[in-house]
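The model shown is predicted, which means the values in this text are computed figures rather than measured ones. Chain A is the first sequence line, chain B the second, and so forth, proteins listed ahead of strands; every chain is numbered from 1.
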Protein chains: 2
Amino acid sequence: MGATKTDLFTKQQNDIAAMAKALAHPARIAILQYLVKKNACVCGDLVDELGLAQATTSQHLKELKIAGIIQGSIEGASVCYCINPKVWKQYRELFNAFFQDVDLKDKCC
Amino acid sequence: MGATKTDLFTKQQNDIAAMAKALAHPARIAILQYLVKKNACVCGDLVDELGLAQATTSQHLKELKIAGIIQGSIEGASVCYCINPKVWKQYRELFNAFFQDVDLKDKCC
DNA sequence: ATAGTTTATTGTATTATTGCAATATTACGA
DNA sequence: TCGTAATATTGCAATAATACAATAAACTAT
């Protein structure tokens, strides 16, 4: 077929995969890093910052917004984006839990 | 076009995105969780475990192997897979660094 | 009102991903 | 050697993601 069979997996597995997918493009990583660096609402700068077309940038912003990790607010003619701290922490905790030290054997295969 | 413009971004940004992409499917999350739970080389079980076709499972294993996060070794007629502890730690550290506490403002937008 | 600015949406082309059947490959055992 | 078992690969179809031009929508300023 071609569509992911989400019903075969647990909600947690689908959630982690969805979070990872939100991060699975360098432009979205760049956007998040920029917002974290500024640690403020950013209006407009992002298109110039990335080097991608305005439409493409807008699309990546939309995906990050759908994933919940950023939020936007209308500020006059422009729209300002910033990290959603609550969701950011959720991401951190989920990935932390996933990668938590499990005393992996050094010699395995 | 349709192809990711990797040249617009830093190596670090591309690396993080590539790692996230390796995790961006619930089947691959399930595989990793299973290998971590077993904390050993696993031979054969995975196809039954996942519920996907053998060919599909093999393909996901291949992607994880290319990403470096698992390794396989031939064990007679079957192939055994396990976590690559070194790369696992790299993933953990990179995501940790990315999500590190940055004292995000609670009230932003 | 009108022109300019900023962001979102739509349409379309291209590439990537997902999934499975069929086949190939490799190793083992009788 | 021949048949069986376990993985990998190939070929194909369907879906998703990436990118951008063109356009729309919403606000500003003159």
Side-chain angles (χ1 to χ4, degrees), chain A residues 1-9 13-14 16-31 34-35 41-67 70-82 109, chain B residues 1-9 13-14 16-31 34-35 41-67 70-82 109:
Chain A
M1 311 255 176
T4 297
K5 294 195 155 181
T6 54
D7 53 306
L8 287 178
F9 308 102
Q13 287 164 344
N14 282 306
I16 297 178
M19 286 187 177
K21 195 179 262 184
L23 305 178
H25 194 287
R28 295 196 287 273
I29 298 294
I31 290 171
Y34 188 74
L35 293 180
C41 293
V42 171
C43 307
D45 307 5
L46 282 165
V47 174
D48 298 330
E49 191 68 17
L50 288 187
L52 289 169
Q54 183 266 325
T56 309
T57 304
S58 184
Q59 203 175 317
H60 284 302
L61 286 167
K62 189 181 174 186
E63 278 180 59
L64 289 172
K65 209 159 71 177
I66 289 172
I70 68 170
Q71 56 195 178
S73 66
I74 298 170
E75 202 75 44
S78 53
V79 178
C80 298
Y81 287 101
C82 64
C109 304
Chain B
M1 311 256 176
T4 297
K5 294 194 157 181
T6 53
D7 53 305
L8 286 178
F9 308 102
Q13 287 164 343
N14 282 305
I16 296 177
M19 287 187 176
K21 194 180 262 183
L23 304 178
H25 194 287
R28 296 196 287 272
I29 297 295
I31 290 171
Y34 188 74
L35 292 181
C41 292
V42 171
C43 307
D45 307 6
L46 283 165
V47 173
D48 299 331
E49 190 68 17
L50 286 187
L52 289 169
Q54 182 266 325
T56 310
T57 305
S58 183
Q59 201 175 319
H60 284 302
L61 286 167
K62 189 181 175 188
E63 279 179 61
L64 289 172
K65 209 159 69 178
I66 289 172
I70 68 170
Q71 55 195 179
S73 66
I74 297 169
E75 203 75 44
S78 53
V79 177
C80 298
Y81 287 101
C82 64
C109 304

Show me the pairs that pass salt bridge (charged side-chain N to carboxylate O under 4.0 Å, His left out) and involve residues 42-58 of chain A, at least two apart or across chains. none

Rounded to whole Å, the CD1-P distance (B:I66 to C:dT17) equals 10 Å

Distance, rounded to the nearest Å, where A:K21 contributes NZ and D:dT18 contributes P: 9 Å

Round to a whole Å and report the spacing from CD1 of B:I74 to P of C:dC28. 10 Å

Mind checking if B:E63 touches a base, just sugar-phosphate, or nothing, with heavy atoms under 4.0 Å? sugar-phosphate

What residues form a side-chain hydrogen bond (donor to acceptor under 3.5 Å, both in side chains) with B:Q13, not counting sequence neighbours? A:Q33, B:T10

Detail all sub-3.5 Å separations between protein N/O atoms and N/O atoms belonging to nucleotides 6-12 of chain D.
| unit_1 | atom_1 | unit_2 | atom_2 | d |
| --- | --- | --- | --- | --- |
| D:dT7 | OP1 | B:G44 | N | 2.8 |
| D:dA8 | OP1 | B:Y81 | OH | 2.4 |
| D:dA8 | OP2 | B:S58 | OG | 3.1 |
| D:dA8 | OP2 | B:Y81 | OH | 3.4 |
| D:dA8 | N7 | B:Q54 | NE2 | 2.8 |
| D:dA8 | N6 | B:Q54 | OE1 | 3.0 |

Taking atom OG1 of A:T56 and atom NE2 of A:H25, what is their separation to the nearest 0.5 Å? 9.0 Å

Using the test side-chain contact (heavy atoms from CB on, under 4.5 Å), find all partners of B:I66 that sit at least two apart in sequence or belong to another chain. B:K62

Taking only side-chain nitrogens and oxygens of A:H60, does any of them come within less than 4.0 Å of OP1 or OP2 of D:dA19? yes

Could I get the full list of side-chain contact (heavy atoms from CB on, under 4.5 Å) partners for B:T6, not counting sequence neighbours? B:T4, B:N14

Check the distance between D:dA16's P and B:H25's NE2 and give it to me in whole angstrom. 11 Å

Could you tell me whether the side chain of B:R28 and the main chain of B:A22 form a donor-acceptor pair under 3.5 Å? yes

